[in-house]
Amino acid sequence: MKRKRPERVADAVNRKRDQITKNLHSEALAPEYDEALQIMEDYLRSQKKRCTVERRFILQALYQLSSPVDISTLHKIVCDDEGSVALTTVYNTLDLLVQLKLANRLELVSRGMTFFERTLGQEPHGFVICEHCGSIKVLRKLHVLQKFEAQLPKGFHPETYTFQIHGLCARCQRLINKKKK
């Protein structure tokens with residue numbers, strides 16, 4: 001009897017990447033995209049830099065996705081739809097978007113992975129991250145964040161924060177329990 005090996009994080013990320021790419025055109029562009037584009041164009045113009053088609057498309061892809069995305073997935077989306085875009089362009093554009101507070105960088109320290117999500121129009125939220133397969137679920141309407149904010153020093157205004165809960169998803173728990181038997 002051949003034993004099924006556990007899914008690696010890379011396999012889960014590749015499966016998620018394919019799913020995101022397939023579903024991208026069915027997701028609507030966030031209404032905040034026009035505002036984000038205007039902010040990016042104004043900044044680049046003030047720096048005497050061009051707002052290239054590639055930069056616009058990377059911003060558009062990010063504002064079309066409803067969940068965090070890793071750089072490779074975003075690169076694949078951009079290359080599938082826009083032809084050949086250098087991976088360096090994706091990295092540099094994401095750095096620019098983070099600097100302009102149009103994107104948020106989510107570091108998964110335990111997995112050494114980085115995800116990005118749009119910031120405009122997003123309510124405060126958190127993430128549930130499976131340590132086994134790497135799946136990420138978004139937690140909306142976090143009332144617990146109000147308790148944290150109430151404890152901040154007077155006059156302190158948080159610009160961004162990340163709330164992460166690490167553990168095992170139900171599917172991975174079943175796989176691990178199955179192995180033990």
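All values below come from the heavy atoms of this structure, side chains included, with hydrogens, waters and symmetry mates left out. Positions are given from 1 along the sequence.
- Remark: side-chain polar atoms of His75 are paired, donor with acceptor, to backbone N or O of Val85 under 3.5 angstrom.
- Leu94 contributes atom CG, which lies 10.5 Å from atom CG of Asp70 (distance to the nearest 0.5 angstrom).
- Closest approach of Ile77 to Ala61, counting heavy atoms only: CG2-CB, 4.1 Å.
- Side-chain contact between Asp95 and Arg105 is present, with heavy atoms from C-beta onward closer than 4.5 Å.
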Determine, stepwise, if the pair Leu74 / Phe116 fulfils side-chain contact (heavy atoms from CB on, under 4.5 Å). CA-CA 9 Å; Leu74 194 57; Phe116 292 86; 5.8 Å; no
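- Residues passing the salt bridge (charged side-chain N to carboxylate O under 4.0 Å, His left out) test with Glu41 are Arg56, sequence neighbours excluded.
- With sequence neighbours left out, the side-chain contact (heavy atoms from CB on, under 4.5 Å) criterion links Val138 to Pro68, His125, Phe127, Arg140.
- Of the possible donor and acceptor atoms, one in the side chain of Gln173 sits under 3.5 Å from a partner among the backbone N and O of Leu168.
- For the atom pair Cys130 SG and Ile165 CD1, the distance stands at 13.0 Å (nearest 0.5 Å).
- Interatomic distance, Thr89 OG1 to Phe57 CZ, rounded to the nearest 0.5 Å: 13.5 Å.
- The side-chain contact (heavy atoms from CB on, under 4.5 Å) search around Ala36 returns Leu59, Tyr63, Leu102, Leu120, not counting sequence neighbours.
- Residues forming a side-chain hydrogen bond (donor to acceptor under 3.5 Å, both in side chains) with Tyr43 (at least two apart in sequence, or on another chain): Gln99.
- Partners of Arg55 according to the salt bridge (charged side-chain N to carboxylate O under 4.0 Å, His left out) rule, which considers only residues two or more places apart in sequence or in another chain, do not exist here.
- When all heavy atoms are compared, the tightest approach of Ala103 to Thr119 is C-CG2, 3.3 Å.
- The salt bridge (charged side-chain N to carboxylate O under 4.0 Å, His left out) search around Asp42 returns Arg45, not counting sequence neighbours.
- Using a 4.5 Å heavy-atom cutoff, the side chains of Thr52 and Thr93 are not in contact.
- Under the 4.5 Å side-chain contact rule for hydrophobic residues, Val128 and Ile176 do not share a cluster.
- Between atom CD of residue Glu54 and atom CG of residue Asn92 there is a gap of 12.0 Å, rounded to the nearest 0.5 Å.
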Let's go through Gln164 and Leu106 carefully: what are the C-alpha distance in whole Å and the side-chain angles of both, what is the deciding distance for side-chain contact (heavy atoms from CB on, under 4.5 Å) to 0.1 Å, and is it a yes or a no? CA-CA 10 Å; Gln164 299 178 21; Leu106 172 64; 3.0 Å; yes
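- One distance of note links CG of Leu97 with CZ of Arg118; it measures 13.0 Å at 0.5 Å rounding.
- Between Met40 and Leu96, the closest side-chain pair of non-hydrogen atoms falls below 4.5 Å.
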